[in-house]
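Encoded as structure tokens, the structure appears first; notes follow it.
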Amino acid sequence: MVSPPQEAMHRIFQHDPGLFSRVSRFLGVDIPAPVKATALPTDLTEANPVERRVDTLLRLETADQGSYLLAVEAQGKKHPDKPASWAYYTAYLWTKYRLPTALLVVCQDHATATWAQQPVSCGPPQLPTLTVQPLVAGPHNMPVITDPEEARADLVLASLAAITHAAEPDVDAILKALSTALRDAPEDVAKPLVEFTAQGLAKRPAKNLWRNLVAVDLSFYKSYLAEEVRDEVRAAVRDEVRNEVRDEVRDEVRDEVRDEVRDEVRDEVRDEVRGEVRDEARAESRAEDILLILEQRGLGISEDVRSRITHCTDPELLRHWLARAVTVPKAEEVFEDA
């Protein structure tokens with residue numbers, strides 16, 4: 001199964017095919033910007049039963065150097081079989097389309113990037129025949145964009161920078177710059193980049209920071225992240241309600257009502273408990289978000305501040321504190337104007 005980070009690492013080039021040209025300067029090559037891009041089928045299977053698919057395949061056309069193919073592969077870890085697959089992809093595409101074929105591998109860790117960029121030959125040392133050496137984009141060469149103005153100048157590149165540095169210490173600063181830059185962007189521009197970035201971060205700690213950063217502006221909180229939060233809360237509520245309802249219904253109605261009434265009472269209790277637990281879960285989640293933002297900003301949190309935040313059950317008040325947590329110089333000032 002393809003993981004969200006792998007999806008983000010190659011689909012972002014489908015979203016903005018010109019990104020490859022802008023990324024190329026960090027890879028030591030000069031690729032002209034395309035004047036036209038066409039997404040091609042990713043299925044490279046022939047008549048044999050072995051299925052072969054490249055992650056993303058684009059046909060890019062340039063003004064001065066003609067057309068070429070770009071195959072983008074997202075690589076999460078070292079895999080001994082991959083160089084042979086990459087050799088197959090490039091040879092097959094060159095044969096089928098009769099166009100120069102570039103291969104870009106996108107990674108999120110240094111070890112995988114170092115491994116992926118090593119040349120691999122299919123022949124003996126004295127007869128290399130076919131050598132595969134893809135361009136590799138990863139934390140070793142992608143820019144660390146921590147200036148909102150720099151992020152604003154190329155939002156897609158900034159998103160890719162966050163994805164490729166997802167496990168690096170610099171990712172927090174990149175995410176803060178990107179979230180600031182995205183607030184000025186139209187929703188149709190910002191929304192897919194919010195999703196790409198969230199997918200690329202997967203379950204890493206930076207994902208919580210990204211969710212908190214974009215949650216401050218509720219207009220961002222309508223797509224992938226909103227669905228993810230709802231799924232998390234729904235799963236937690238389902239487990240709690242299942243246990244509570246089962247025990248309560250067994251104790252209260254086992255010998256008192258018939259099967260039909262038991263089902264009806266169970267539904268009523270389940271709906272009531274689900275609503276209560278959902279409200280509690282929302283309040284707990286928002287309180288955790290406030291504390292996380294304060295901690296990420298390096299602000300000291302006293303026990304009184306922590307207790308007041310965690311014991312608050314007013315969703316509107318918690319939302320107000322969440323917004324203030326992003327800017328206040330001291331944790332205690334989060335409660336002002338409440």
Side-chain angles (χ1 to χ4, degrees), residues 2-34 37 39 42 54-60 62 68-79 82-83 85-87 89-90 93 100-120 131-146 150-151 153-171 173-175 177-178 192-193 195-202 204 206 210:
V2 179
S3 67
Q6 289 179 299
E7 282 287 307
M9 283 191 285
H10 71 86
R11 285 185 57 242
I12 196 169
F13 289 89
Q14 298 177 23
H15 176 73
D16 182 359
L19 177 62
F20 178 56
S21 174
R22 306 197 297 279
V23 165
S24 68
R25 69 179 186 270
F26 302 104
L27 310 182
V29 293
D30 185 14
I31 304 295
T42 59
V54 67
D55 288 339
T56 283
L57 180 60
L58 301 170
R59 174 173 177 155
L60 303 178
T62 65
Y68 68 96
L69 302 180
L70 172 63
V72 183
E73 282 279 284
Q75 193 65 30
K77 60 182 179 180
K78 301 177 185 178
H79 196 298
K82 270 298 180 178
S85 296
W86 294 338
Y89 296 163
T90 52
L93 292 169
T101 301
L103 174 62
L104 174 66
V105 177
V106 185
C107 306
Q108 290 182 298
D109 67 271
H110 293 274
T112 303
T114 300
W115 163 81
Q117 64 188 2
Q118 298 302 311
V120 177
T131 300
V132 178
Q133 185 174 15
L135 290 172
V136 178
H140 65 299
N141 57 11
M142 284 295 92
V144 177
I145 300 176
T146 58
E150 186 180 356
D154 195 333
L155 293 170
V156 182
L157 179 62
S159 178
L160 180 64
I163 292 169
T164 52
H165 289 87
E168 301 294 310
D170 296 320
V171 68
I174 298 174
L175 293 175
L178 178 57
L193 295 181
E195 296 185 11
F196 280 132
T197 305
Q199 286 183 319
L201 297 173
R204 292 183 171 87
W210 181 241

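Sequence positions, counted from 1, serve as the residue numbers for this chain.
Between I163 and L201, every side-chain heavy-atom pair lies at or beyond the 4.5 Å cut-off. In this structure the side chain of Y89 never reaches within 4.5 angstrom of the side chain of P134, judged on heavy atoms. The shortest distance between side-chain heavy atoms of S21 and P32 does not fall below 4.5 Å. Contact check for Q117 versus Q133: no side-chain heavy atoms found under the 4.5 Å cut-off. At least one side-chain heavy atom of L103 sits under 4.5 Å from a side-chain heavy atom of E73. Contact check for W86 versus V105: side-chain heavy atoms found under the 4.5 Å cut-off. For the pair P100/L69, no side-chain contact is recorded, criterion being any heavy-atom separation below 4.5 Å from C-beta on. Between S24 and V29 the shortest side-chain heavy-atom distance falls below 4.5 Å.
The two residues L60 and A37 have their closest heavy-atom pair at CD2-CB, 3.5 Å. For K82 against W115, the heavy-atom pair with the smallest separation is CB-CH2, 3.8 Å. Considering all non-hydrogen atoms of both residues, P192 and H15 come closest at CG-CE1, 3.6 Å. Considering all non-hydrogen atoms of both residues, H165 and P139 come closest at NE2-O, 3.4 Å. Taking every heavy atom of both residues into account, P83 and V132 meet most closely at O-CG2, 4.3 Å. T146 approaches I174 most closely through the heavy-atom pair CG2-N, 4.2 Å.
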Criterion side chain to side chain contact (heavy atoms under 4.5 Å, CB included) on K77 and D109, from CA distance to verdict: CA-CA 8 Å; K77 60 182 179 180; D109 67 271; 5.8 Å; no

With side chain to side chain contact (heavy atoms under 4.5 Å, CB included) as the test, would you mind laying out the steps for V120 and T131 before giving the verdict? CA-CA 6 Å; V120 177; T131 300; over 6 Å; no

Can you check side-chain hydrogen bond (donor to acceptor under 3.5 Å, both in side chains) on Q108 and T164, steps first, answer last? CA-CA 5 Å; Q108 290 182 298; T164 52; over 6 Å; no

Given W210 and L178, is the side chain to side chain contact (heavy atoms under 4.5 Å, CB included) satisfied, shown in steps? CA-CA 10 Å; W210 181 241; L178 178 57; 3.8 Å; yes

Go through the steps to decide whether D154 and I145 satisfy the test side chain to side chain contact (heavy atoms under 4.5 Å, CB included), and finish with yes or no. CA-CA 10 Å; D154 195 333; I145 300 176; over 6 Å; no

Starting from the C-alpha separation in whole Å, work towards a yes-or-no answer on salt bridge (Lys or Arg N to Asp or Glu O under 4.0 Å) for R11 and D55. CA-CA 8 Å; R11 285 185 57 242; D55 288 339; over 6 Å; no

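Annotation: the span from I12 atom CD1 to L193 atom CG amounts to 6.0 Å, rounded to 0.5 Å. Residue L58 holds its CG atom at 10.5 Å from CG of L104, rounded to the nearest 0.5 Å.
Ion pairing between R25 and D30 fails under the 4.0 Å rule for side-chain N and carboxylate O. Ion pair R22/D16 flagged as a salt bridge, since at least one NZ, NE, NH1 or NH2 atom sits closer than 4.0 Å to an Asp/Glu carboxylate oxygen.
With hydrogens and angles disregarded, no donor-acceptor distance shorter than 3.5 Å links the side chain of Q14 to the backbone of H10. T56 places no side-chain N or O within 3.5 Å of a backbone atom of V72 that could act as its donor or acceptor partner.
Using cut-offs of 30° and 60° for the angle between ring planes, the F13 and F20 rings count as perpendicular.
If you check the side chains of S159 and T197, you find a donor sitting under 3.5 Å from an acceptor. Checked by atom type, the side-chain pair Q75/T112 shows no donor-acceptor distance below 3.5 Å.
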